[in-house]
Amino acid sequence: MLHTIRSCILNVLNLFTKGAKDIAEDMILLDQPKDKNLGDLYTNAAMMFAKRLEISPRVLAEAIRDALASSENVTEVSLAGPGFINFKLKNSFWQGVISDVIEQNENYGFSNVYANKLINVEFVSANPTGPLHTGHARNAVFGSVVANLLERIGYKVTREFYINDQGNQIKFLARSLYLRYREALGAEISESDFTSDMYCGAYVKELAKELVDIYQDKFLNQPESEWLALLSQFAIDRMMQNVKNDLRNLGVVMDVYTSEAELCKRNLVEEALNILSECGDIYEGVLPRPKGIASDDEWEERPQTLFRSTKYGDDVDRAIRKSDGTWTYFAGDLAYHLDKIKRGFTEMVAILGADHNGYVKRLKSAVKALSAGKANIEVRLYQLVNFLENGKPVRMSKRAGNFITLKDVVERVGKDVTRYMMISRHHDVMIDFDFVKAVEQSMDNPLFYIQYAYARICSVFRNYEAENGEITRDDLLNSDKSILSDEAEISLMKALAFWPDQVKAAAIAIEPHRIPVYMQNIASLFHSLWNKGKINSELRFIDKENRHETISRLSLLMATKKVLEDGFRIIGVTPMMEMR
RNA sequence: GUGCCCGUAGCUCAGCUGGAUAGAGCGUUUCCCUCCGAAGGAAAAGGCCGUUGGUUCGAAUCCAAUCGGGCACGCCA
């Protein structure tokens, strides 16, 4: 719908000799003025592009005004301020949105700006050393919605989980498991046997029981070399099953799980280093003492193998080999991102918690260096979530193993509430997640407000169809929209017309929270219209005396329903047809 | 000491590539169910957008300083 207006404006821009060839339709701002008296829409295009076209904003504004004025949809155009163009449109223009939505059905809200480009979205990537906990919930939801959004603008998305299935942490997991294994077989174990690197959560005991069931006392009194590899693999397998299950219950399904150990076996670390060496980005050197470390006592200078990440914008160069000769975590990540590049990804997104903010620059550097500048990774950090129990913070200690798991959250408040709470705020702000308030059915919990709007729409269709039989798509498309001219009806249509814009903007900005915010706006306009029908019976959706007008109104409801469904699909929440 | 993020109504938060008189919900006050679902709606009140400078036709938005809060900072993962 809005495309018609934008292309009209773009045609004007193209008339000027300096050329508008680098101006895309998307760049033209169209919005509803805050003051409704100014018109239905405004654009600042004249001010935006005047400089680029080397022409005065006033002249450009006049040209756009004239073009709009001659458009069949426009009834009135006026210039204001330094170059705003305000205009009014025929009701028929807005009414056209209804057919648009119904015709395009599930495709309404899709665009193909990035048609068929590959993109990799890596998220969660939790260490397989324990169950997913609350901290992973936001990551999982955020990542999955970002992936959905990117698909909306045409990307071919790969949802990916990176498994850190080797290294010290896995060794300690296996040792912890072994302790519990001995305990299950009757050995005396005290909590002090668990060093600070080990895992003493209850889930390790569960694993130990399984281990006993399968192997009995086979590993009892055996040296570590006899059981370490097997127990490691056993623990990883079970933990990943667990992770996948928890994710599925949260509505998250990955396309690819990539194992760090596998990458190592394929010698990708060495390959990555070769590439970097050829660019002259690998050297033996000594890092300067960071300012944060006050005295030389705590700082020991030592030569290390370093990656010259500063060449690509990092603050300091980064170590890739430990003093014992093994790779650092970052070396593994070099291999991993080389793997992504080799699989053909030039665009990548990674979702990380805010506590990883120090990692962003080196990751971006790595991708630039390994791809000779051809690939890029966008990292999105999300702030942590505070879990509250009726206003009081829930204490968690990972060490003691008494953290709340993601599974606990989903079981307690449900998938939909969890997802909504995690996605409805900007990723840069902290969330207070109160278990009590989350399920309260009030406006402290806006999900219910949106669900309620949807349920009301479904209810109207149920009522109508109970009396008149099923209503068809053709009935709705062929209905006369011209009777839908009340301000509240037009406002709702306008909001629906902006839906594709909103989705595209949210996707490009990688800001999923805009979707629930906009859904709330649509729900609000709908509720308002509903209540207007209580006062003015002509606005009631069902008029038993007048079937034609009823179908016209139902067509607006259907369009609203479709858009809400699209929103629910993006955020992965199941719409509720009734809420009694 | 350095880097990243946040600071908008009493509270929780929106505010899109800089746009016109900064919005919503909760809470407070007043109205609206003979009639499609009142878990809703209409209205009132509530603001130096942390502070100070700068950029320009125009700043909550960009830049610089500053204050307050969160996070991070050589071989952990």
Side-chain angles (χ1 to χ4, degrees), chain A residues 26-27 29 31 33-35 38 42 44 47-48 57 80-84 86 127 129 164 167-170 197 286-294 298-302 304-306 315-324 326-330 332-333 353-361 381 383-384 424-432 437 441-446 448-449 451-453 455-464 501-502 504-506 508-509 511 513-514 517-518 520-521 524 527-535 537 540-544 550 553 557 578-580:
Chain A
D26 293 342
M27 295 160 68
L29 174 80
D31 203 355
K34 283 175 192 121
D35 182 354
L38 294 173
Y42 78 88
N44 63 0
M47 293 173 288
M48 274 304 268
F84 290 105
N86 299 311
N127 293 332
T129 52
N164 295 121
N168 281 330
Q169 46 165 2
I170 298 297
D197 294 317
V286 177
L287 288 174
R289 173 165 63 85
K291 291 259 167 32
I293 295 175
E298 304 161 45
W299 174 258
E300 178 200 342
E301 284 195 347
R302 53 189 158 224
Q304 292 174 288
T305 306
L306 300 173
D315 304 317
V316 286
D317 291 340
R318 302 293 174 176
I320 52 182
R321 206 190 276 278
K322 299 183 215 169
S323 52
D324 66 3
T326 59
W327 302 119
T328 61
Y329 176 82
F330 181 54
D333 243 11
D355 52 340
H356 290 75
N357 69 53
Y359 205 69
V360 176
K361 281 183 181 172
L381 303 171
Q383 295 297 319
L384 304 180
S424 58
R425 301 253 157 93
H426 192 286
H427 57 80
D428 269 337
V429 316
M430 278 196 283
I431 296 179
D432 285 336
K437 282 190 177 166
Q441 307 191 344
S442 71
M443 275 306 287
D444 274 348
N445 181 0
F448 281 85
Y449 183 83
Q451 292 279 28
Y452 185 41
R456 272 179 155 179
I457 293 174
C458 292
S459 162
V460 173
F461 279 98
R462 272 197 304 275
N463 285 330
Y464 176 85
D501 267 31
Q502 293 291 329
K504 193 191 295 178
I508 290 171
E511 291 186 356
H513 74 284
R514 294 192 201 182
V517 167
Y518 202 72
Q520 195 176 347
N521 177 39
S524 166
H527 285 307
S528 180
L529 174 59
W530 175 290
N531 278 83
K532 230 174 158 181
K534 288 178 180 300
I535 298 152
S537 61
R540 293 171 61 82
F541 302 121
I542 296 176
D543 176 356
K544 289 180 178 167
T550 297
R553 294 192 200 94
L557 287 201
E578 53 182 344
M579 305 179 67
R580 289 182 192 280

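Below, read A as the first sequence line, B as the second, and so on, with proteins coming before strands; counting in each chain starts at 1.
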Non-neighbouring partners of A/Tyr452 that pass side-chain contact (heavy atoms from CB on, under 4.5 Å), sequence neighbours left out:
A/Arg456, A/His527, A/Met579
Do any side-chain nitrogens or oxygens of [X] fall under 4.0 Å of OP1 or OP2 in [N]?
X	N	answer
A/Arg318	B/rC75	no
A/Tyr449	B/rG41	yes
A/Ser323	B/rC75	no
A/Ser528	B/rA42	yes
A/Asn531	B/rA38	no
A/His513	B/rG15	yes
A/Asn463	B/rG37	yes
A/Trp530	B/rA38	yes

Say whether, by atom type as modelled, one donor and one acceptor occur between the side chain of [X] and the main chain of [Y] under 3.5 angstrom.
X	Y	answer
A/Asn463	A/Val460	no
A/Arg425	A/Met430	no
A/Thr328	A/Lys322	no

What's touching nucleotides 3-5 of chain B from the protein side, N or O pairs under 3.5 Å?
residue : atom : partner  : partner atom : Å
B/rG3   : N2   : A/Asn357 : OD1          : 3.0
B/rG3   : N2   : A/Asn357 : ND2          : 3.1
B/rC5   : O3'  : A/Asp428 : OD2          : 3.3
B/rC5   : O2'  : A/Asp428 : O            : 3.2

Do A/Asn521 and B/rA24 have a side chain to base donor-acceptor pair shorter than 3.5 Å?
no
Can you find a donor-acceptor N/O pair under 3.5 angstrom joining the side chain of A/Asp31 to the base of B/rC16?
yes
Looking only at the side chains, is there a donor atom on one of A/Asn127 and A/Gln169 sitting less than 3.5 Å from an acceptor on the other?
yes
The side chain of [X] lies closest to which of these nucleotides: [options]?
X	options	value
A/Asp355	B/rG37, B/rC36, B/rA72	B/rA72
A/Glu511	B/rC36, B/rC75, B/rG15	B/rG15
A/Thr328	B/rA24, B/rC76, B/rG19	B/rC76

I'd like a list of close polar pairs between nucleotides 55-65 of chain B and the protein, N/O only, cut-off under 3.5 Å.
none

In whole angstroms, the gap separating P of B/rC31 from NZ of A/Lys532 amounts to 22 Å
What is the separation between atom NE2 on A/His527 and atom C1' on B/rC36, rounded to the nearest whole Å?
14 Å
Tell me whether A/Phe84 is stacked on the nucleobase of B/rA20, counting only the six-membered base ring and applying the 5.5 Å and 30° thresholds.
yes
